[in-house]
Amino acid sequence: MTSAVAVDLSVSIGALRLRNPILAASGTFGYGLEFSHLVDLNGLGGFVTKGLSPEPIEGAPAPRLCETPSGMLNAVGLQNVGVRAFVAEKLPALRKFDTAVIANVFGYTLDDYVEVIQVLEDNEGVRAYELNVSCPNVKKGGMQFGSDPGLVAEVVEAARKAAAKRPLWVKLSPLVTDIGLIARAAEGAGADALTVANTYPAMSVDVRTLKSRLGNQTGGLSGPAIKPITLRLVWEARKAVKIPILGLGGIETVEDVLEYLAIGASAVQVGTASFTDPEVSQRLVDGLEKAFFEAKLFTVNEIRDKFVAENG
Ligand SMILES: Cc1cc2nc3c(=O)[nH]c(=O)nc-3n(C[C@H](O)[C@H](O)[C@H](O)COP(=O)(O)O)c2cc1C
């Protein structure tokens, strides 16, 4: 018997059924099409698009990336083609694939989030929305939407009303005092799932030039360095809400995936690892199937049940 026959890697994120729990993360997989010659998109659980805004954004000055111990910093500045160009130029090609396309949505005002969703609602080809709430709110003096439970509730409620057709995932900021509080605010306002979490604000200086290594001065830390910190956030969020959670932060290996699934993530996303190995998401799907087969686990829920039985 081959492992493919015995192991069922499919997962439900609310009403949305995914082929397996491995998705490529926003901002690290372009609009999916850029990776289609390297990865069988149809073999993934899905992928999340680069963040989409109402108008195109050129992004932050170079340099935009730098390496750090066990990770990297990025300050891309949410560069994207804008939602209308995404619909006109990317979505028609994406419809040819049998994979879950999740549209990552961001804005600087509530109206921005609503506008992006409204444009997408009128078009086929997107399976869910992922709201990035780690964005400065221009009406509140640049305070992040995601750091205040009241603001999170406001943006999720507004998006919920606009997103009549599709599930709404909310991608939380890790820079919060109590992730449970924010998670409950998102759930209470109508989120169907949570994505935990985004990058950590951080900085790196080149002491030879005495300049920041990023054109934007500060950036977001991602990669293996953040995995243990984000893992705890997923664990805390899991205890706070009933809706499914997608975990991401520093995933590179099958063991990393299993750690997130064990503590209660229903699925995971792979970000920075795609920069060093563009085929990593595909490799993780294959490796996960093998690992489940060898451990005599036949559904994704079984690993969580075992962890809960051991640790409560
Ligand atoms: C270059 C880069 C661009 C990103 N752009 C976005 C984005 O547009 N929207 C978003 O929600 N997250 C964005 N992220 C965050 C990732 O989706 C992910 O949350 C983060 O990198 C942590 O996962 P990782 O350690 O696997 O990379 C970006 C990350 C990187 C490295």
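The figures that follow rest on heavy atoms only: side chains count, while hydrogens, waters and symmetry mates do not. Residue indices begin at 1 and follow the sequence shown. Just so you know, ligand 1 is whichever comes first in the structure, and atom 1 is the first atom listed for that ligand. Note that this is a predicted model, so its numbers are computed, not measured.
- Looking at ligand 1, you'll find an N or O of Lys50 within less than 3.5 Å of one of its N or O atoms.
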Stepwise, does the side-chain contact (heavy atoms from CB on, under 4.5 Å) test hold for Val116 with Val114? CA-CA 6 Å; Val116 174; Val114 169; over 6 Å; no

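- Annotation: atom 18 (C) of ligand 1 to nearest protein heavy atom, Leu248 CD1, 3.4 Å.
- Residue Gly51 approaches ligand 1 through these ligand atoms, each under 4.0 Å from one of its heavy atoms: 8 (O).
- Put simply, part of Gly249 is less than 4.0 Å from ligand 1, judged by heavy atoms.
- Take Asn137 and apply the side chain to side chain contact (heavy atoms under 4.5 Å, CB included) test, not counting sequence neighbours, and it matches Lys139, Lys140, Phe145, Leu151.
- Atom 15 (C) of ligand 1 has Asn198 OD1, 3.4 Å as its closest protein atom, hydrogens excluded (heavy atom only).
- Proximity of Thr230 to ligand 1, defined as any heavy-atom pair under 4.0 Å, is not found for any part of the residue.
- In terms of heavy atoms, Phe275 sits closest to Gly27 at CZ-O, 4.3 Å.
- Thr199 CG2, 3.6 Å is the protein heavy atom nearest to atom 20 (C) of ligand 1.
- Minimum interatomic distance between Met72 and Leu65 (heavy atoms only, all atoms of both residues): CE-CD2, 3.7 Å.
- For Thr272, heavy-atom contacts with ligand 1 shorter than 4.0 Å involve the backbone as well as the side chain.
- Arg84 is listed as a side-chain neighbour of Val119, based on a closest heavy-atom distance under 4.5 Å.
- For Lys227, the heavy-atom gap to ligand 1 stays at 4.0 angstrom or more.
- The ligand atoms of ligand 1 that sit less than 4.0 angstrom from a heavy atom of Phe275 are 1 (C).
- Annotation for ligand 1: atoms under 4.0 Å from non-hydrogen atoms of Ala197 are 19 (O).
- Protein heavy atom closest to atom 3 (C) of ligand 1, with residue, atom name and distance, is Gly27 O, 3.4 Å.
- Neither side chain, Gln118 nor Tyr113, offers a donor N or O lying under 3.5 Å from an acceptor on the other.
- Here the side chains of Leu231 and Tyr260 are in contact, with some heavy-atom distance below 4.5 Å.
- One option in Leu131, Thr49, Asn74 has a heavy atom closer to atom 30 (C) of ligand 1 than any other, and that option is Asn74.
- Against a heavy-atom cut-off of under 4.0 Å, Asn132 is close to the following atoms of ligand 1: 9 (N), 10 (C), 11 (O).
- The shortest N or O to N or O distance between Thr28 and ligand 1 is not under 3.5 Å.
- By the 4.5 Å heavy-atom criterion applied to side chains, Leu194 and Trp169 are not counted as neighbours.
- In terms of protein heavy-atom proximity, atom 12 (N) of ligand 1 is closest to Lys171 NZ, 3.0 Å.
- Atom numbering of ligand 1 starts at 1 in the shown order; those under 4.0 Å from a heavy atom of Ile226 are 22 (C), 25 (O).
- No single ILVMFWY cluster, assembled from side-chain heavy atoms under 4.5 Å apart, contains both Leu248 and Ile243.
- In terms of protein heavy atoms, atom 26 (O) of ligand 1 is closest to Gly271 N, 3.1 Å.
- If you check which protein heavy atom lies closest to atom 21 (O) of ligand 1, you get Ser222 CB, 3.3 Å.
- In this model, a donor atom of one side chain and an acceptor atom of the other lie less than 3.5 Å apart for Ser10 and Asp8.
- Every atom of ligand 1 is numbered from 1 in the order shown, and the set under 4.0 Å from a heavy atom of Ala25 is 17 (O).
- Under the 4.5 Å side-chain criterion, counting only non-hydrogen atoms from C-beta, Leu288 is not in contact with Leu284.
- When all heavy atoms of Pro69 and Ala225 are compared, the closest pair comes out as O-CB, 3.9 Å.
- In terms of polar-atom proximity, Asn104 is counted as a contact of ligand 1, with an N or O under 3.5 Å from an N or O of the ligand.
- For atom 25 (O) of ligand 1, the nearest non-hydrogen atom from the set Ala75, Gly250, Ala225 belongs to Gly250.
- For the pair Lys165 and Val126, the minimum side-chain heavy-atom distance is 4.5 Å or more.
- Between Val270 and ligand 1, a contact under 3.5 Å exists for no N or O pair.
- Pairs engaging residues 27-56 under the side chain to side chain donor-acceptor pair (under 3.5 Å) rule: Ser53-Asn80 [sequence neighbours left out].
- If you check which protein heavy atom lies closest to atom 14 (N) of ligand 1, you get Ser26 O, 3.2 Å.
- Here is the list of ligand 1 atoms found below 4.0 Å of a heavy atom in Met72: 31 (C).
- Within the 4.5 Å cutoff, the side chain of Arg184 has heavy atoms near those of the Val241 side chain.
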